[in-house]
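Everything below concerns the one structure shown next.
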Amino acid sequence: MALFTVIGGHGFIGTEIVTQLINMKHQVVIPKRDDESLFTQDLGTVIYCAGHGDCDKNSLKVLNSNVLLLSQILEKSTVKKIVYLSSTRLYMGLDNSKEQSDLLVLSNDNRRLFNLTKLVAEELLLKSQKVVAIIRPSNVYGLALKSPLFLPAITRSAILTGKIDMYVSPNYAKDYVSVSDVAQMTIKIALSELKNQVIYNVASGKNVSAQQIADVIKNETNCEIIWHENETNEQFPETDISAIEKQFNFISNNVLIDLKKMVKDFKIALN
């Protein structure tokens, strides 16, 4: 049994990580906000899955959640290793998504602060001389009833309003990974023998279009799909997951299959 401190353990991804750790009989601590014991007690393995992405409405929270608490832990805390959840959004605008790729910050990206804070956090970890693993998950989905994330939000809208407003083009495509896959891989990486600071993509490895997603939800709910003109220039390469496939024999869930079950689960929960 190992000791884990999960920062953000009450969030969407954090809750799944905590559940899986407890089922494996590990000791889990979820610190409260402003908990000073973070700096006085042995934290064991820290899994840092706190984060915030609303750059327009709360830019300071983006900085605080993604970087500042992490920097305090690096400076003051006693830890065995740190596993930090970053994002494959860092590959936006690139032709490839290998973990060692040079990264860009795009001037026309209205969420570039999110990318910048994730990059700063990653660099702090890599310069820390601590045992570190950085995980870059793609777009995470699961049964998150109040989540503003894309898949939960449009699923909720289809059930509650009978329509989906799509503010992306039908061929807009991204990689989607289940929250259970992210939690499982995070724990496997955390429990592995980390000799050096490493970075892993955790994703399905295949982009799925907005049209494919809309078709599944429409078939399951009979909702109306409303496509709005948009100006998004976001482009993502398919995520390279060869590292976790080779090292951990990773096989991801299929989002289009999972989405059918997710709609059924949402219907039960919302009704």
Side-chain angles (χ1 to χ4, degrees), residues 12-13 16-17 47-49 51 53 66 81-106 109 111-112 114-127 131-142 149-151 168 171-213 232-259:
F12 175 38
I13 299 174
E16 181 66 22
I17 290 173
I47 297 180
Y48 196 105
C49 49
N66 296 350
K81 62 181 76 169
I82 301 178
V83 180
Y84 180 84
L85 269 68
S86 183
S87 174
T88 58
R89 196 176 190 279
L90 298 178
Y91 301 120
M92 189 171 74
L94 298 182
D95 294 327
N96 72 83
S97 59
K98 290 187 179 295
E99 288 91 341
Q100 297 76 27
S101 299
D102 291 331
L103 302 173
L104 300 173
V105 176
L106 304 179
D109 177 14
R111 291 185 62 204
R112 60 184 176 272
F114 176 84
N115 285 30
L116 285 166
T117 55
K118 289 297 186 183
L119 282 171
V120 169
E122 288 191 8
E123 192 66 15
L124 286 173
L125 288 162
L126 295 173
K127 298 294 186 185
V131 180
V132 165
I134 294 165
I135 294 175
R136 293 173 178 166
S138 63
N139 302 275
V140 184
Y141 66 87
L149 295 173
F150 180 62
L151 286 188
V168 294
N171 61 355
Y172 175 73
K174 295 196 292 187
D175 186 297
Y176 297 90
V177 64
S178 75
V179 67
S180 61
D181 280 348
V182 172
Q184 183 182 47
M185 278 308 310
T186 298
I187 294 168
K188 281 188 177 182
I189 291 168
L191 291 172
S192 66
E193 192 67 31
L194 299 175
K195 297 180 180 179
N196 298 305
Q197 291 144 330
V198 293
I199 302 174
Y200 293 105
N201 294 329
V202 176
S204 72
K206 184 176 181 180
N207 285 354
V208 176
S209 72
Q211 183 69 66
Q212 290 173 286
I213 289 168
T232 181
N233 293 314
E234 293 185 354
Q235 293 183 350
F236 299 90
E238 290 196 335
T239 308
D240 187 323
I241 58 171
S242 57
I244 58 172
E245 286 178 325
K246 180 178 179 180
Q247 188 169 344
F248 299 99
N249 298 315
F250 175 73
I251 300 174
S252 77
N253 290 319
N254 184 309
V255 63
L256 297 177
I257 295 173
D258 281 357
L259 190 53

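For reference, positions follow the sequence shown, starting with 1.
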Determine the minimum heavy-atom distance between [X] and [Y], stating which atoms define it.
X	Y	value
Ile134	Ser86	CG2-CB, 4.0 Å
Tyr176	Ser138	C-OG, 3.8 Å
Ser97	Pro237	CB-CG, 4.0 Å
Gly142	Val179	CA-CG1, 4.3 Å
Pro137	Val140	CB-CG2, 4.3 Å
Arg112	Leu106	CD-O, 3.6 Å

Spacing of [atom1] belonging to [X] relative to [atom2] belonging to [Y], to within rounding of 0.5 Å:
X	Y	atom1	atom2	answer
Leu90	Met92	CG	CE	9.5 Å
Ser209	Gln211	OG	CD	6.5 Å
Ser87	Leu119	OG	CG	10.0 Å
Ile17	Ile47	CD1	CD1	5.0 Å
Lys206	Thr239	NZ	OG1	13.5 Å
Leu85	Asn66	CG	CG	11.0 Å

Run the side-chain contact (heavy atoms from CB on, under 4.5 Å) test on Phe250 and Lys188 for me, step by step, so that the C-alpha distance in whole Å, both residues' side-chain angles and the decisive distance to 0.1 Å come before the verdict. CA-CA 10 Å; Phe250 175 73; Lys188 281 188 177 182; over 6 Å; no
Decide yes or no for [X] and [Y]: does some side-chain heavy atom of the first lie under 4.5 Å from some side-chain heavy atom of the second?
X	Y	value
Arg89	Lys118	no
Val202	Thr186	no
Tyr172	Phe236	yes
Phe248	Ile189	yes

Lys174 pairs by side chain to side chain donor-acceptor pair (under 3.5 Å) with which of Asn139, Asn207, Thr88? Asn139
For Tyr91, which of Asn96, Asp240, Asn115, Asn201 qualifies under side chain to side chain donor-acceptor pair (under 3.5 Å)? Asn201
CG (Leu103) with more than 12 external heavy atoms under 6.0 Å: yes
Are the side chain of Asn253 and the backbone N or O of Asp181 linked by a donor-acceptor pair below 3.5 Å? no
Please report the C-alpha distance between Glu16 and Val182 in whole Å, then the side-chain angles of each, then the deciding distance to 0.1 Å, and finally whether the side-chain contact (heavy atoms from CB on, under 4.5 Å) criterion is met. CA-CA 9 Å; Glu16 181 66 22; Val182 172; over 6 Å; no
With side-chain contact (heavy atoms from CB on, under 4.5 Å) as the test, would you mind laying out the steps for Met185 and Ile135 before giving the verdict? CA-CA 9 Å; Met185 278 308 310; Ile135 294 175; 5.9 Å; no
